2 protein chains.
Amino acid sequence: MAIAQDPRQNYLLAALPTEDLERVRKNLKLVELPLGEALYESGSRQRAVYFPTTAIVSLLHTLADGSSVEIAVVGNEGVIGVSLFMGGETTPSRAVVQSAGHAYRWPGKFLKEEFTLGGPMQHLLLRYTQALLTQMAQTAVCNRHHSLDQQLCRWLLLSLDRLVGNELVMTQELIANMLGVRREGVTEAAGNLQSAGLIRYSRGRIKVLDRAGLEARTCECYSVVKREFDRLLPAVART
Amino acid sequence: MAIAQDPRQNYLLAALPTEDLERVRKNLKLVELPLGEALYESGSRQRAVYFPTTAIVSLLHTLADGSSVEIAVVGNEGVIGVSLFMGGETTPSRAVVQSAGHAYRWPGKFLKEEFTLGGPMQHLLLRYTQALLTQMAQTAVCNRHHSLDQQLCRWLLLSLDRLVGNELVMTQELIANMLGVRREGVTEAAGNLQSAGLIRYSRGRIKVLDRAGLEARTCECYSVVKREFDRLLPAVART
DNA sequence: CGGACTGTGTGCGGTATCGTACACACATTT
DNA sequence: AAATGTGTGTACGATACCGCACACAGTCCG
């Protein structure tokens with residue numbers, strides 16, 4: 001399982017000109033992100049950003065009563081910890097590993113140095129942040145207007161885009177937390193998708209059988225977000 | 001009604017050191033924003049940013065079927081058009097004037113010049129953008145978990161914070177569009193607030209009678225957003 | 001003064017999701 | 001093989017909101 005790791009597995013890092021990447025990579029450290037680990041908690045001071053390669057991380061907004069919603073998902077197309085370069089240092093969100101894997105950790109000190117140079121890295125980070133804005137906005141709309149079935153499709157597709165393979169390890173309970181709905185609701189929605197032959201489900205493993213079917217069933221929110229990511233972060237050599 | 005206008009009525013501009021403001025203000029132009037005007041449409045190229053002084057602008061995300069939701073509201077604490085300095089040039093959102101008033105228009109060319117200097121203006125714009133991120137995230141959570149009554153309270157308070165006086169000109173129909181619910185739903189929620197003696201309603205005018213009462217009735221989302229704005233954009237001389 | 005329009009109130013059945021409770025299936029440990 | 005725990009399926013009434021239809025009341029205008 002020891003796959004060779006390279007910073008270029010992350011699209012943002014891969015999009016850097018070689019000389020910039022060489023300068024940056026000296027301070028990158030490969031770390032393993034186990035399922036459920038919190039990269040930062042609400043309000044806590046962040047000390048580094050993370051560029052995922054194989055891990056997927058959810059940004060969650062939690063309420064006082066404990067209920068929560070995922071507001072965005074970050075994989076190897078992005079970076080976790082935008083508040084470090086935006087200047088706020090903290091956010092009211094949490095970042096939780098949704099799918100175990102690896103990421104490159106970059107201490108805030110180096111990030112800020114590089115950011116103030118105003119070069120390609122600054123440019124990429126800001127464009128990524130705008131893509132994140134879009135994802136969050138679309139999530140807000142989706143929460144309001146679309147059925148649980150559709151939202152589940154969207155969520156599966158967003159996760160799938162950030163994974164290798166077509167299987168995700170994820171209980172219905174966890175999905176319910178992400179979507180901010182009851183676990184039973186997810187059971188029903190997932191049952192619908194399974195009856196339709198789009199996925200197969202078994203104790204915390206979801207295998208996607210018909211990706212096109214999911215795309216047909218989901219709301220426009222998925223494609224809006226995807227299109228905006230492609231527009232803002234284009235044409236890096238996506239291996 | 002011709003009140004003297006000064007860029008410093010906008011908090012971001014007011015927070016600039018004098019020399020920076022002097023440089024910037026040369027290219028600012030005071031414009032009037034009538035109710036309902038769109039500062040930019042979804043996907044259209046933005047040519048300038050706007051610093052409101054007395055106007056309030058809603059950022060709306062619209063779906064293919066025409067239904068929409070407000071994802072953030074911008075008044076004299078902020079700026080409209082963050083995608084210009086974030087690098088994307090466009091966004092899938094629309095910006096619509098929710099309450100008529102004035103704003104300072106700053107052409108994108110000058111904005112970008114100033115931004116690349118990396119000085120106080122860059123710093124302020126980025127911190128404001130982070131505050132915007134928080135507002136959007138909290139909106140997403142609120143859409144999911146809170147009752148229409150609570151959301152209406154939140155919305156009234158957010159608007160109130162950006163206005164002088166305690167009266168807002170706004171039909172229930174428009175509020176419904178902002179919140180992404182039916183007009184009748186707003187009628188009912190507003191009726192509840194009126195029975196409770198918190199507001200008085202009449203044909204497009206809402207007078208807030210008991211602000212503390214609204215704060216007691218709203219969800220935590222209002223205070224989370226407000227606190228984050230105060231933290232990120234502190235200590236400018238708020239007249 | 002009458003008409004048209006806009007904004008608001010109200011009532012109805014329909015439905016998606018909630019909250020709660022509980023049964024069952026699979027997996028891992030003893 | 002039994003025991004325990006975790007993940008999933010199912011059923012129930014409750015409820016918040018929807019979609020629709022329509023009545024009515026201010027306001028503007030000829």
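Labels below follow one simple rule: chain letters A, B, ... track the order of the sequence lines, proteins then strands, and each chain is numbered from 1. For clarity, every value in this text was computed on a predicted model and none was experimentally measured.
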Engineer: Please determine if A:R154 and A:D149 form a salt bridge, counting it only when a charged side-chain N lies under 4.0 Å from a carboxylate O.
Structural biologist: no
Engineer: In this structure, how many angstroms lie between the P atom of C:dT6 and the CG atom of B:L35, rounded?
Structural biologist: 15 Å
Engineer: Does a side chain donor of either A:S58 or A:Q98 reach within less than 3.5 Å of an acceptor in the other side chain?
Structural biologist: yes
Engineer: Considering only side-chain heavy atoms of A:T187, which listed nucleotide, C:dT10, D:dG9, C:dT20, is closest?
Structural biologist: D:dG9
Engineer: Starting at the 5' end of DNA chain C, which residue's closest nucleotide do you reach first, B:Q194 or A:E188?
Structural biologist: B:Q194
Engineer: Between B:H145 (NE2) and C:dG19 (P), how many Å, whole number?
Structural biologist: 9 Å
Engineer: Starting at atom CG of B:N177, determine the distance to atom C1' of C:dT8, rounded to an integer number of angstrom.
Structural biologist: 16 Å
Engineer: B:W106 and side-chain contact (heavy atoms from CB on, under 4.5 Å): which single residue from B:V49, B:L84, B:V79 fits?
Structural biologist: B:V49
Engineer: Separation of B:N192 atom CG from C:dG9 atom C1', in whole Å?
Structural biologist: 13 Å
Engineer: Does B:G204 reach a base, just sugar-phosphate, or nothing at all? Heavy atoms under 4.0 Å.
Structural biologist: sugar-phosphate
Engineer: Just how far, in rounded Å, is C1' of C:dG19 from CG of A:D65?
Structural biologist: 14 Å
Engineer: Taking the six-membered ring of B:F229 (Phe, Tyr or Trp), confirm whether the NZ or CZ of B:R162 is under 6.0 Å from its centre and within 45° of its axis.
Structural biologist: yes
Engineer: Looking only at side-chain atoms of A:R183, point me to the closest of D:dT8, D:dC18, C:dG9.
Structural biologist: D:dT8
Engineer: Is the shortest side-chain N/O distance from A:R203 to OP1 or OP2 of C:dC26 below 4.0 Å?
Structural biologist: no
Engineer: Would you say the side chain of A:E184 and the base of C:dA21 hold a donor-acceptor pair, judged only by whether the two atoms sit under 3.5 Å apart?
Structural biologist: yes
Engineer: Please give, in whole Å, the distance from C:dT8 C1' to B:L152 CG?
Structural biologist: 14 Å
Engineer: Report the residue (B:E173 or A:D149) whose heavy-atom-nearest nucleotide on DNA chain C is the more 5′ of the two.
Structural biologist: B:E173
Engineer: Hey, could you give me the OG1/CD distance between A:T187 and A:E173, rounded to the nearest 0.5 Å?
Structural biologist: 9.0 Å
Engineer: Verify the contact: side-chain N or O of A:Q172 to OP1 or OP2 of D:dG9, cut-off strictly under 4.0 Å; return yes or no.
Structural biologist: yes
Engineer: May I have the distance from B:Y201 (atom OH) to C:dG7 (atom P), rounded to whole angstrom?
Structural biologist: 11 Å
Engineer: Over how many whole Å does the gap from A:M170 atom CE to D:dT8 atom P extend?
Structural biologist: 11 Å
Engineer: Specify the residue among A:R182 and A:S202 whose closest nucleotide of DNA chain D lies further upstream toward the 5′ end.
Structural biologist: A:S202
